[in-house]
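Residue numbers begin at 1 in each chain, while the letters A, B, ... track the order of the sequences.
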Amino acid sequence: MTALARTDTSIVGRWWWTVDRWLLVAVVSIAMAGVILSLAASPPVAERIGLDKFHFARRQIVFIAMALMVMVCVSFLGPRGVRRIAALSTLAALILMTVTLFAGNEIKGATRWLHVGGFSLQASEFVKPGFAVLAAWLFASRRLNDQFPGYALASGLYIIVAGLLLLQPDVGMTLVISSIWAVQFFIVGLPWILVAGIASLFAAGSAAAYFAFDHVRLRVDRFLDPDGGQGYQVGRALDAFRNGGWAGRGPGEGRVKEVLPDAHADFIFAVVGEEFGLIACIIILGLFCFVVLRGFNNAAKDQDLFVLLAVAGLLTQFALQALINMASTVNLMPPKGMTLPFISYGGSSTLALGFGLGMVLALTRSRPSSGGMR
Amino acid sequence: MTMTAHRTVARRRQIEGVRKQALDTGRSRLLLTGVILAVAFAGVAGRLVDLTVLGNTYEPRMAKAATVPGAVSGRANILDRNGIILATSLPTVSLSADPAMVLDADEAAAKLALVFGGLGRDDALLKLRGPGRFVWLARNLTPGQHQEVIRLGIPGLSFHRDERRVYPHGALASHVLGLTDVDGRGIAGIENRFDQVLRTAGAPVRLSLDLRVQSVLREELMTAMKEYKAIGATGLVMSVETGEVTAMVSLPDFNPNKPGRMTDVAAFNRAATGVYEMGSTFKLFTVAMALDSGTVSLKGGYDASEPIRIGRFSIRDYHAKNRWLSVPEIILHSSNIGAAKMAIDVGTEMQQRYLGRFGLLKPAGLELPEVGAPLTPNVWRPVNTMTISFGHGISVSPVQLAAGIGSLVNGGIYRSPTLLKQQRAKGPGRRVISAATSEKVRRLMRLVVSKGTGRKANVRGYLVGGKTGTAEKSSRRGYSKSAKISSFIGTFPMNAPKYVVLALLDEPVGNKRTFNYATGGWVAAPTVGRIIQRMAPMVGIAPDLEATYETPMIRALEKKTRKANLVRPKQPKKRMQTRAQNRNQKRTWANSVSKAVGRYQVRQTDMEERIVLNARHALTRAVAAKNAQKPLVSTALTALE
């Protein structure tokens, strides 16, 4: 790649010199960390449920490779192409989500998975990036042209997506979608009074989730109760961090992965803490934070409101997933089933993230109209 | 043209203005969002430092360690009233396997089969190849087995702290104690009833049983059961002052240390679960309620000269006196006619009320899960009143009978039977008859033992009183001629009763020594006598050879009975049997008729008149010159030999 000359005007050459390479490197670093950690965390889980030792690791490595490929391919698109592919993917995801409701398999009380020819697909993962881009376009169009009913359309789209998610039910993902919608609405210039209104709507929604869903109430109650401590998984996760200390017990020396059913998925951060210690945790957290802030910075320099909103929405999703996952693992908030981007095991989630970050990279490429400051 | 160009430019400027404004707002708000997210990331990072390095423990680790599940807590002991251990738990080790960790199941199974005799190789192999991650291989290893398994060094096996319930006295109190399953949960008897207490309280459960008395009772019942080839036997010793059950035995019994060998018959608790038609012992209840309600006095009596006819059935006395009988004579001769007439005089409603008070209509309040409910008539007609007066048409458990008789003799206070040691010398209770009535009943019971059917229960110096009972067992085809429930309920000492002793034999068969009779007076009364003789010193009751207890109308009776004996022509034994057979045939016919019409069948069950007669014959035949001071029982026995 470094062999590409500045003057190379091929598609690849132009891509290489216009894409934000820092962002690219950070994302690839996270993906590599995901590869290493899936090797560390998933073998005991696979063994425990009677699968081949490297079943999860092998699959996750394939998923990450595919996700990186998807990301790079998508990042070749221009803003218009991103918009189109987002519209298509949103439509497809909405259809699949509807099908899931009728044909999906119920696992642990929720219908989220659709089984297609040996693969299980979580369609709702793919709706998030598409929704972020589509809503950004609708918001931006309305902002630049009063005639266009963009706010109403964006909110309508939000209600459809959120409704489908709640039917599964998937409270965590609804929260993410709601946040994307709210952040974009906020950035597009929502009057402060309405910001306060929406903030209170969020509070009301959380309260409603608390009373409407038993599992939500159980987790929150347990979190708020100072004596009851945490659930089993959170308790073990906290032990893991304590055991890990500064530098960790060393690769393969962790114990938490042997007792946690979700050590390879939602609680992988605890494995990081136990085996690799605080330093590795901070590095991973720093990478996430860097991707988000670097992306925001790029978006802020762009002259296109749509790009700004779309990147803000996509990275809000990325940031929230990382934050919620890590915060629940360290018991800063009630446990919420949320994957740590690229690191937790999960095919749908990893591929959808690759797709989303591909769009981020595509939108933040320096264009003649984008301000061209790099 | 210029106008449109102007407009377009103006429009473009306007749009440009909106765009700039929008971008400005967007940028500043995006910055704010970024700051908020950065703060959130910083917060998580701070928490991470806090957790890993500063070691801030959200909750002390100790509290968690204390509640680790699976720690085996010792099951409490069960003691007898004197503190002797009846059931205890020994720490042992159990062996489990994780089939996924066992490398060579074939080899492991072969090695294990050598250590454990009971665990077959195929069985072990099946377990070691199972799909799960946990399987018990052997529970409660001996220290030797434990050592050998360690020496085998098979991977994938693990040891667990375990407990084994041990009953040091084996079958001695099996029906009271019950037993536990392999996981230490009580599944019968006291172990089941007090399972929670034994598991959690830590303190032992102290029973009312006296192991020494229990041993005497069991030994004597086994002897009697063997001698009379009975299919079962049960007995009770109960304190009349507290309601405490001092001993309780049901035979056949089982060894709770080896539950695998237990049969259904052995598991059945005849003393608490079994209900039986008790026969003549019920006449004590009848006479008690008649005396207490003022229906009749000891001087009163009934005409027993003719059988009572109800519909096509009749109640008759076998050894009919064919004359008026006083109340003591009705008990002494066990007259069904007299008891039935007495009960009719008392009235159905009053009879029910008294039987209820004596605890005969509801399951006994004993602390066992296996307490049986009595069988009482659905509709209580006059015919039921009459048959119940002599113990038929109502089935109660031996515990109920003992507790009821206890309330008649202890001054008239009913005390619920209990298996737990009581602190007070006199337990709480409720008055069921007056103290004066109780006194009269005691005199009647003493009369039965000193002069009547219960003589074989007499023990010199202990003033034993009691009543015999013989009932024919009811089966699907009506009442059986040969299968009997023969019992004797005794109490002593009669001047101030302390204990009720019950012995009951299921289907005893008479032998030469009993002249082929298998009635209560022949098979159960001597057992009770021996039990009393052996247990009295243990429970601290000294014999009083001088003690007398006046019984009503003795002299008159003695004269009368002697006269009757003299007057009565001796009948050849064979002829008597033929007559009995004839009667039996008639009865069988009556049974089938009664079944056909679905009416309650009234039967004559008491053969006790004949027993009395026989005993007297034996005594007459005995050398009259034998030392008169010898106890009656031994005299009779010597005579019979």
Side-chain angles (χ1 to χ4, degrees), chain A residues 47-48 50 140 143-146 183 186-190 195 226-230 235 238-246 248 269 273-274 277-278 281-282 285-286 288-289 292-293 295-297 299-305 308-309 311-312 315-316 319-320 322-323 326-327 329-332, chain B residues 11-69 98-101 129-134 156:
Chain A
E47 262 194 323
R48 196 160 53 228
R143 185 71 173 88
L144 301 175
N145 179 6
D146 291 347
V183 164
F186 170 68
I187 291 173
V188 85
L190 193 67
V195 171
D227 302 322
Q230 324 77 24
L238 293 184
D239 293 343
F241 284 110
R242 290 185 195 117
N243 289 342
W246 273 109
F269 202 51
E274 190 176 27
L278 174 66
C281 286
I282 295 290
L285 185 136
F288 281 119
C289 191
V292 173
L293 295 183
F296 273 24
N297 186 42
K301 287 175 193 158
D302 206 289
Q303 297 301 311
D304 191 340
L305 185 62
L308 191 150
L309 285 172
V311 172
L315 288 176
T316 299
L320 274 183
L323 273 173
M326 292 188 287
T329 310
V330 297
N331 202 34
L332 270 181
Chain B
R11 172 99 180 119
R12 212 170 259 165
R13 274 203 189 127
Q14 197 191 340
I15 289 174
E16 195 61 23
V18 171
R19 201 171 70 90
K20 275 263 187 289
Q21 205 189 339
L23 277 173
D24 281 349
T25 321
R27 278 173 190 150
S28 57
R29 290 199 177 185
L30 184 65
L31 180 67
L32 186 58
T33 311
V35 169
I36 291 170
L37 287 176
V39 168
F41 274 108
V44 173
R47 170 69 175 161
L48 276 171
V49 173
D50 174 45
L51 259 180
T52 51
V53 185
L54 302 181
N56 175 12
T57 45
Y58 183 86
E59 184 188 24
R61 196 75 184 85
M62 297 286 279
K64 228 176 216 156
T67 57
V68 167
D98 177 353
M101 301 283 283
R129 288 211 171 132
R133 296 294 305 267
F134 181 93

Gap separating the CG atom of B:Asp50 from the CG atom of A:Leu278, nearest 0.5 angstrom: 10.5 Å
Heavy-atom contact with chain B under 4.5 Å, split by part of A:Phe269: side chain
Contact origin within B:Leu32 toward chain A - heavy atom pairs under 4.5 Å: side chain
Pairwise distance CG(B:Leu37) to CZ(A:Phe288) - rounded to 0.5 angstrom: 13.5 Å
Under 4.5 Å from a heavy atom of chain B, the part of A:Ala299 involved: both
Minimum heavy-atom distance A:Gln303-B:Leu23, with the two atoms named: O-CD1, 3.0 Å
Minimal non-hydrogen separation, A:Gly189 against B:Thr25, with atom names: CA-CG2, 3.9 Å
Least distance between heavy atoms, B:Val44 atom then A:Met326 atom: CG1-CB, 3.8 Å
Gap separating the CZ atom of B:Arg27 from the CZ atom of A:Phe296, nearest 0.5 angstrom: 14.5 Å
B:Leu51 side, atom CG; A:Asn243 side, atom CG - distance, nearest 0.5 Å: 11.0 Å
Closest heavy-atom pair and its distance - B:Arg29, A:Leu190: NH1-O, 2.6 Å
Closest heavy-atom pair and its distance - A:Val330, B:Arg47: O-NE, 2.7 Å
Spacing of CG belonging to A:Leu285 relative to CG belonging to B:Leu48, to within rounding of 0.5 Å: 6.5 Å
Distance in Å, B:Phe41 CZ paired with A:Leu323 CG, rounded so as to fall on 0.5 Å steps: 4.0 Å
B:Ala38 to A:Leu293 - nearest heavy-atom pair and separation: CB-CD1, 4.0 Å
